[in-house]
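Worksheet: one structure, shown below.
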Amino acid sequence: MITTRFAPSPTGYLHIGGLRTALFSYLWAKHNSGKFVLRIEDTDRSRNNEDATKAIIEAFKWVGLEHDGEITYQSKRDEIYKKYIDRLLQEGRAYRCYMSKDELDAMREAQTQAKERPRYDGRYRDFDGIPPEGIEPVIRIKAPTSGTITVDDGIKGKIEFNVDDILDDFIIARSDGTPTYNFVVAIDDALMGINSVIRGDDHLSNTPKQIVVYEALGFALPKFYHVPMIHNENGKKLSKRDGATDVMMYKEMGYLPEALLNFLVRLGWSHGDQEIFSFDEMLALFNPKDINKSASIYNTEKLDWLNAHYIKNSSNDTLAKLLEDYDLLLSSHDKREILLDAIKDRSKTLVDMASQIKEILDTPDSYDEKAVKKAFKGEAKDILKDFKQKIESSQELHLPSDYHHMLERVVDEREIGFGKIGQPLRVALVGKMGGPGIDTIMSVIGKDETVARIDNILATV
Ligand code: GLU
């Protein structure tokens with residue numbers, strides 16, 4: 001069975017890059033009918049873990065990812081870590097280091113002078129004398145002192161680290177007894193049964209240290225997958241300046257969770273040249289071996305394109321329900337279907353969709369000056385009056401085609417181009433140029449409101 005995990009450090013919100021890692025981990029577990037678990041890496045007690053956890057759960061809920069079983073909190077596992085520290089001490093695989101601050105400074109200074117890499121030189125590794133007074137020791141693990149450590153990465157292939165270049169006997173417990181990051185991550189992953197570790201490649205340099213811990217404790221190594229970062233269009237690591245990093249901001253901006261997940265799965269993973277993936281397809285097709293070796297580029301246009309696709313292909317029931325979150329209640333509107341059918345093909349986001357709909361439903365309270373100037377030339381007002389009279393005396397006006405028929409009558413009788421009535425009428429209806437067909441708009445707002453809007457503009461221009 002494959003068990004994967006998502007192991008965020010609580011920052012107060014779920015980061016978009018974190019969601020991609022979570023998605024990859026989720027898909028790989030579920031593709032194999034395995035488990036996807038959640039661990040909160042909250043060893044930094046100064047942060048507000050509860051809020052951060054809530055934010056992650058909220059974001060997971062929104063996109064529809066669910067973790068299996070209980071959440072693991074590192075902050076609640078001190079006893080466990082302590083047990084393993086004691087075991088390593090007893091077995092002679094870790095030791096107490098009594099180096100003082102002055103000793104440390106002198107060591108660093110000498111290394112700088114000699115142009116050597118700063119590292120602990122192992123001076124207490126075999127110490128069996130009387131410990132110096134007044135120093136609370138740290139605990140260091142006995143790391144290999146020569147050779148290589150190989151990470152057999154599922155994305156990048158075999159990566160060899162020269163022990164001499166990267167390792168020393170690193171600290172696994174500080175002088176106050178608290179365990180360190182790489183130590184607890186390795187223990188947690190092993191005890192939680194994680195056999196596929198999928199994470200950002202910014203963690204690659206931690207992996208050799210974690211392997212040292214696995215080996216010291218006799219744990220089986222998981223398969224590691226280090227996913228290249230998401231870059232902005234300038235090839236730099238994605239940051240707040242490039243747009244939203246908080247997943248819930250995407251909801252606020254009107255993205256559908258399906259679109260966001262589809263966008264994220266394609267950031268670094270591909271299946272031929274397919275762009276659109278339903279969630280079931282992602283589950284069926286995802287394999288971390290197909291993750292690209294190089295960084296992926298965040299591209300807002302692509303996200304908008306996917307979002308437009310998912311909006312267009314959503315049922316009107318679904319859209320009406322989603323739009324409630326954007327202050328738009330359409331459930332009782334008798335022309336809901338006509339309205340949504342007309343707008344969903346031309347919306348990038350739900351925010352955009354809600355605003356286009358409001359522009360139709362709300363009587364305009366002002367008119368775009370340029371549009372008025374352009375539309376109200378010559379006999380525009382007469383034409384509008386004529387049209388208004390025609391619809392006032394007509395009983396059967398419901399569908400866009402009914403209104404269209406009326407427009408054609410005016411155009412035919414007066415022998416004018418369609419624009420001669422279309423433009424002033426459009427400005428009367430929505431206050432500006434642009435928007436869906438005017439016959440659709442009239443059908444949606446109905447005859448009385450259409451007449452009222454024509455009266456309004458006739459009284460104004
Ligand atoms: N807590 C780490 C982070 O939020 C992830 C650790 C891991 O995946 O091993 O970046």
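By convention here, the first residue in the shown sequence is residue 1. Start at 1 and go down the list; that is how both ligands and their atoms are numbered.
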Self-check item: Whether Asp168 side chain and Tyr120 backbone form a donor-acceptor pair below 3.5 Å
Solution: yes
Quiz item: Going by an N to O cut-off under 4.0 Å, is there a salt bridge joining Lys370 and Asp368?
Solution: no
Quiz item: Ion pair present between Lys251 and Asp325, side-chain N to carboxylate O less than 4.0 angstrom?
Solution: yes
Practice problem: Would you name the heavy atoms of Asn299 and Phe263 that are closest together and state the gap between them? | Solution: O-CE1, 3.4 Å
Among all protein non-hydrogen atoms, which one is nearest to [atom], and what is the separation to 0.1 Å?
| atom | value |
| --- | --- |
| atom 8 (O) of ligand 1 | Arg5 NH1, 2.6 Å |
| atom 6 (C) of ligand 1 | Tyr181 OH, 2.9 Å |
| atom 10 (O) of ligand 1 | His203 NE2, 2.9 Å |
| atom 4 (O) of ligand 1 | Ser9 N, 3.1 Å |

Self-check item: Face-on cation placement of Arg39 at Tyr73 ring, 6.0 Å and 45° thresholds
Solution: no
Self-check item: Option from Lys209, Arg125, Lys142, Arg140 for which salt bridge (charged side-chain N to carboxylate O under 4.0 Å, His left out) with Asp169 holds
Solution: Arg125
Practice problem: Ignoring angles and geometry beyond distance, decide whether Ala7 reaches within less than 3.5 Å of ligand 1 through its nitrogen or oxygen atoms. | Solution: yes
Practice problem: Please verify whether a non-hydrogen atom of Phe224 lies at under 4.0 Å from ligand 1. | Solution: no
Self-check item: Numbering as shown, the atoms of ligand 1 that approach Glu41 to under 4.0 Å (heavy-atom distance)
Solution: 1 (N), 2 (C), 5 (C), 6 (C)
At under 4.0 Å between heavy atoms, is it the side chain or the backbone of [X] that contacts ligand 1, or both, or neither?
| X | result |
| --- | --- |
| Phe6 | neither |
| Gln210 | neither |
| Pro8 | backbone |

Quiz prompt | Between Ser443 and Thr440: side-chain donor-acceptor atoms closer than 3.5 Å | solution = no
